[in-house]
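A short write-up of the structure that comes next.
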Amino acid sequence: MTEFFQSLGLNFEAAWFTATIAGILLIAFPVMLAVALIIYADRKIWASMALRRGPNVVGPLGLLQSFADGLKVFLQETIIPTGANKGLFLLAPIITFTVALIVWAVVPFDVGVVLSDINVGLLYILAASSLGVYGIILAGWASNSKYPFYSAIRAAAQMVSYEVSIGFVLIAVVLWTGSFNLSEIVGNQQGHVLGVINAYGLNPLLFPMAVVFFISSLAETQRAPFDLTEAESELVAGYQTEYSSMAFALYWLGEYANVILMCALNAILFWGGYLPPLNIDLIPWFDIPGIIWLFAKILFFFFLFSWVKATVPRYRYDQLMRLGWKIFLPLSLVFVFLVSGYLMLDRVGVPA
């Protein structure tokens with residue numbers, strides 16, 4: 001893209017800056033549009049599973065319902081509690097929303113179609129996504145109310161707990177690939193299983209890791225059955241209780257942007273990303289743009305997210321922590337050991 005702007009007469013520095021801004025907008029605007037449409041899809045899936053109609057009034061088939069909800073919160077008055085720390089109270093949702101967007105900078109949509117193809121892309125995602133905890137803690141503390149604060153503490157503990165398991169899962173993927181670069185992780189999955197299937201997920205040593213990562217994704221994004229930070233019977237609306245108008249909308253948008261990101265990471269890390277499912281020439285799989293394959297896989301995982309929310313009862317908090325620390329953590333450690341042992345024997349061989 002830099003070369004394109006240079007061809008318009010800009011020098012290299014101006015062309016690079018313009019290309020970077022254009023790349024950011026090309027990712028940010030579609031993500032925000034996708035959030036609006038994915039909320040609609042979420043509600044339609046829940047309605048279908050509960051034998052209801054879902055949104056069907058605003059726009060054709062209710063397609064404009066999410067935009068109407070966005071206009072509603074935009075027109076509402078922003079109310080700041082009297083005892084709240086005003087600066088931190090307003091900063092918290094900005095942090096959450098910003099973090100949800102900046103992580104997309106290293107996500108590869110196709111071969112070479114990535115804003116920043118850095119060698120430590122996976123580390124960047126871990127570092128940036130972990131900053132979301134600050135937005136939640138600040139929201140609870142700055143509200144100067146005990147219920148949002150309790151919820152913020154619980155949310156932070158939940159996110160940190162499952163980030164540990166996610167970290168060990170990612171170690172297994174990095175060991176197998178030999179790189180933190182997301183494009184290389186996707187490329188290494190081509191023909192991985194029997195030379196035919198483009199996925200780590202069907203590898204016997206990595207399939208349990210794919211399952212752990214998917215369930216941890218639900219907990220990390222506070223989706224059902226792990227949505228204890230927003231359990232109406234316990235904490236009203238959780239750490240967002242005191243928020244209204246666009247401050248609340250930023251949390252709303254950030255939550256769904258994170259959900260879409262975790263769906264994308266499930267597809268990229270274990271199910272071939274922008275690669276077609278099969279590595280065969282009989283069907284012109286590779287004539288379909290990679291971005292279409294990636295979007296199809298994201299939609300599939302989002303359907304699973306919605307399916308779980310519509311059918312699985314909510315966990316108790318002690319069950320949530322037990323699953324994270326007593327089941328997923330030991331399991332992921334065992335499979336890191338198995339993967340590293342297998343790769344050592346396969347690449348180095350048995351010592352004489």
Side-chain angles (χ1 to χ4, degrees), residues 35 38-55 65-66 69 96 132-133 136 139-140 146-166 169 201 207-241 243 248 251-263 265-267 270 298-332:
V35 165
I38 217 77
I39 293 171
Y40 168 81
D42 214 6
R43 296 169 71 177
K44 277 292 190 181
I45 293 169
W46 301 340
S48 177
M49 292 188 177
L51 301 180
R52 295 183 285 108
R53 292 178 64 89
Q65 183 63 57
S66 295
D69 291 338
T96 299
V133 175
I136 291 173
K146 61 181 179 181
Y147 290 112
F149 184 64
Y150 291 158
S151 178
I153 295 297
R154 291 170 63 165
Q158 175 176 331
M159 293 175 72
V160 170
S161 298
Y162 283 85
E163 279 178 0
V164 174
S165 299
I166 287 176
V169 170
F207 176 74
M209 295 286 91
V211 174
V212 169
F213 188 81
F214 174 74
I215 299 174
S216 297
S217 299
L218 294 171
E220 180 71 11
T221 53
Q222 297 156 29
R223 294 277 294 188
F226 308 113
D227 56 339
L228 299 175
T229 56
E230 300 173 21
E232 295 88 349
S233 60
E234 302 176 33
L235 295 163
V236 194
Y239 54 87
Q240 308 171 35
T241 299
Y243 282 90
F248 173 78
Y251 276 115
W252 186 38
L253 294 172
E255 177 182 341
Y256 273 91
N258 279 325
V259 168
I260 300 173
L261 174 69
M262 296 309 293
C263 292
L265 288 180
N266 272 279
F270 292 101
I298 289 174
L299 290 176
F300 172 75
F301 279 105
F302 185 78
F303 174 77
L304 295 183
F305 270 57
S306 297
W307 189 0
V308 169
K309 181 164 186 174
T311 56
V312 180
R314 181 178 285 136
Y315 272 42
R316 294 197 315 266
Y317 197 76
D318 62 301
Q319 294 173 324
L320 170 77
M321 285 301 180
R322 179 180 179 276
L323 181 66
W325 289 107
K326 293 188 176 182
I327 298 177
F328 281 179
L329 179 58
L331 183 65
S332 57

*asked:* I need the minimum non-hydrogen distance between Y162 and L320, along with the two atoms involved.
replied: OH-O, 2.7 Å
*Taking all non-hydrogen atoms of both residues, which atom of A224 and which atom of L218 are closest, and how far apart?*
O-CD2, 4.2 Å
*Would you please indicate if the ring centroids of Y251 and Y239 are separated by under 6.0 Å?*
yes
*Scan for salt bridge (Lys or Arg N to Asp or Glu O under 4.0 Å) pairs involving residues 207-219, sequence neighbours excluded, and state none if there are none.*
none
*asked:* Working to the nearest 0.5 angstrom, can you tell me the gap between E220 CD and L265 CG?
replied: 10.5 Å
*Enter the distance from L299:CG to L304:CG here, rounded to the nearest 0.5 Å.*
11.0 Å
*Could you tell me whether the side chain of S217 reaches within less than 4.5 Å of the side chain of N266, counting heavy atoms only?*
yes
*Could I get the full list of side chain to side chain donor-acceptor pair (under 3.5 Å) partners for Y256, not counting sequence neighbours?*
D42
*asked:* Using 0.5 Å steps for rounding, measure from the CE atom of M159 to the CD1 atom of I166.
replied: 9.0 Å
_Could you measure the distance from the CD atom of Q319 to the CZ atom of R314? Nearest 0.5 Å is fine._
12.5 Å
*asked:* Do Q222 and I136 have side chains that approach each other closer than 4.5 Å (heavy atoms only, starting at C-beta)?
replied: yes
*Would you call V169 and F328 a side-chain contact if the rule is heavy atoms closer than 4.5 Å?*
no
*side-chain contact (heavy atoms from CB on, under 4.5 Å) between L331 and V212, worked out*: CA-CA 9 Å; L331 183 65; V212 169; 3.7 Å; yes
*Should M262 and F213 count as side-chain neighbours, where that means a heavy-atom distance under 4.5 Å?*
yes
*Can you tell me if CZ on R322 sees more than 12 non-hydrogen neighbours from other groups inside 6.0 Å?*
no
*Determine whether K309 and R223 make a side-chain contact, defined as any pair of heavy atoms from C-beta on separated by less than 4.5 Å.*
yes
*asked:* Just to verify, what does W307 make a side chain to side chain donor-acceptor pair (under 3.5 Å) with, not counting sequence neighbours?
replied: none
*Kindly state whether the ring of F305 and the ring of F214 have centres lying under 6.0 angstrom apart.*
yes
*Heavy-atom pair of closest approach, residues Y315 and L323*: CE2-CD2, 4.1 Å
*Heavy-atom closest pair, residues M209 and S332*: CE-CA, 3.5 Å
*Closest non-hydrogen atom pair between A157 and Y317, with its separation*: CB-OH, 3.3 Å
*May I ask you to decide if F248's main-chain N or O and Q240's side chain share a donor-acceptor pair within less than 3.5 Å?*
no
*Just how far is it from atom OH of Y147 to atom OH of Y150, taken to the nearest 0.5 Å?*
7.5 Å
*Taking everything shown except F300 itself, do over 12 heavy atoms lie less than 6.0 Å from its CZ?*
no
*Heavy-atom closest contact (L329 atom, S165 atom, distance)*: N-OG, 3.7 Å
*Are the side chain of S48 and the backbone of K44 linked by a donor-acceptor contact shorter than 3.5 Å?*
no
